[in-house]
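Numbers restart at 1 for each chain; the letters A, B, ... are given by sequence-line order, proteins then strands. Values reported hereafter were calculated over all heavy atoms of this structure, with side chains retained and with hydrogens, waters and symmetry mates removed.
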Number of protein chains: 2
Amino acid sequence: MGISERKEREKTEMRKRIVDAAVQVFKEGGPEKVSIRNIAERIEYSPATLYLYYKDKDELLLDAQADAFDQLSVAFRQIKFAQEPFKRLEQIMESYIAFARAEPELYDLMFIMKAPMNAVEDFDSWDNGDDAFDMLKQVVEDCISEGCIRFTDPIVGAISVWGFAHGLVSWTLNAGLSPHTCARK
Amino acid sequence: MGISERKEREKTEMRKRIVDAAVQVFKEGGPEKVSIRNIAERIEYSPATLYLYYKDKDELLLDAQADAFDQLSVAFRQIKFAQEPFKRLEQIMESYIAFARAEPELYDLMFIMKAPMNAVEDFDSWDNGDDAFDMLKQVVEDCISEGCIRFTDPIVGAISVWGFAHGLVSWTLNAGLSPHTCARK
DNA sequence: CAAATATACTGAACACTGTTTAGTAATTCC
DNA sequence: GGAATTACTAAACAGTGTTCAGTATATTTG
């Protein structure tokens, strides 16, 4: 019978509505406005209802964070990549930084990490960032193959690049990404 | 008259007591236990009293964070630095990562950033990390002078190294810092 | 179709949180 | 000594995440 399937479908739809509301509230009001009550009000349900779809707030934010990371992946995928691997690395870094500037709230949502991380056993079973990270890792691998970068392990290299970009974002209220900034072969 | 000086002294002593209590509570119970009430109880004062010494919780945590960063600086200063600049860079990274592992709570306190950051106008007037960062920057400068690193701007280089170390800490539940991990000239 | 059951939802409460304010106790000044 | 200043606190306010008893709604059964 299709009725339990419909119920299942409604359940995932409801979860999506909740997550969307959470992201929206976050974008509008920042971290401190993302309360269960605010999210519930936005979708016109009682606060208690959210607990029928999410175990707790951390689990909810984990999904909201996944949403934000998905949008970063989308941004990465929209890059018109060059042939040169190193050029591609620059492009992906620029995209990362541009995203952080264009969507500061989503960016915060990604790196408030602590809350969503509580919803997960350990760092290994946290996979919200995997998509975006894997894309970066791929480019780093290409760089390694061409020998235009000093790392040997693509994961370690990707961590370094990611951390670099992240640090630059924190620092950089000022200028745009200067060309030779990226000259970190 | 020395009475107003004593008052002044008592005021700074009280602030220190509060910050110490905050750090202690943080170390014992993590971020969610650092409530005004818990801090106040530890020093046997009423919660309201803390507001005679700190404008709000963010300002208090800003000082607590400064405390944590100071301890990182101390760790850096205890390094018996080698002659080779690049070796020094490895040493400072190892020290950073060792600190994060030895004092995970203090490390969290440094990078819960958001709360203390609210107590400050902009990123420029946040200087809690300046001491540690400057030490790293100095080493990076030496590396640049010797040409054993690819960056030209020591600040940008230091950001990269810092971000790299930070990323490694997030990643690295597993192994210790493998030697060639640091081979990122 | 009506009764019984399962599902979806909510109002109200609990134990917290940061913060403010009116009022009390202690200290300093004259 | 008494007046004025300072240090402190109890109590309250508005908000938080979360739970639970109870109420509607929808589904299944007789």
By nearest atom, which of the nucleotides [options] is closest to the [X] side chain?
X	options	answer
A:I36	C:dT7, C:dC9, D:dT18	D:dT18
A:Y51	D:dT16, D:dT19, C:dC9	D:dT19
A:S35	D:dG17, D:dC8, C:dA8	D:dG17
A:K7	C:dG11, D:dT9, C:dT7	C:dT7
B:A48	C:dC9, D:dT19, C:dT20	C:dT20
A:R6	C:dT28, C:dT10, D:dT27	D:dT27
B:R37	C:dG11, C:dT17, D:dT9	C:dT17

Determine, for [X] against [Y], whether the closest basic-nitrogen to carboxylate-oxygen distance falls under 4.0 angstrom.
X	Y	result
A:R77	A:D131	yes
A:E10	A:R6	yes
B:E28	B:R42	yes

Rounded to whole angstrom units, what separation is found between the [atom1] atom of [X] and the [atom2] atom of [N]?
X	N	atom1	atom2	result
A:K57	C:dT17	NZ	P	15 Å
B:E32	D:dT18	CD	C1'	15 Å
B:L60	C:dG18	CG	P	10 Å
B:L61	C:dT17	CG	P	14 Å

[N] OP1/OP2 closer than 4.0 Å to side-chain N/O of [X]:
X	N	answer
A:T49	C:dT10	yes
A:N38	D:dT16	yes
A:Y45	C:dA8	no

**Test item: B:V34 and B:I39 side chains (from C-beta on) under 4.5 Å apart, heavy atoms** = yes
**Fill in**
Sorted by position of nearest nucleotide on DNA chain D, 5' first, the leading residue of A:K55 and A:K33 is A:K33
**Request:** Using a heavy-atom cut-off of under 4.0 Å over every strand shown, decide if A:Y54 touches base, sugar-phosphate, or nothing.
**Result:** nothing
**Message:** Looking at every non-hydrogen atom in both residues, tell me the closest pair between A:A21 and A:I43 and how far apart they are.
**Reply:** CB-CG2, 3.6 Å
**Asked** Using 30° and 60° as the class limits, which term best fits the ring planes of B:Y96 and B:W162: parallel, tilted or perpendicular?
**Response**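 B:Y96 vs B:W162 ring planes: perpendicular.
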**Prompt:** Can the ring centres of A:F151 and B:F164 be said to be less than 6.0 Å apart?
**Reply:**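 Yes, they do, as the ring centres are separated by less than 6.0 Å.
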**Prompt:** Among residues 14-31 of chain B, which residues get a heavy atom nearer than 4.0 Å to DNA chain D?
**Reply:**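 Within residues 14-31 of chain B, no residue comes under 4.0 Å of DNA chain D.
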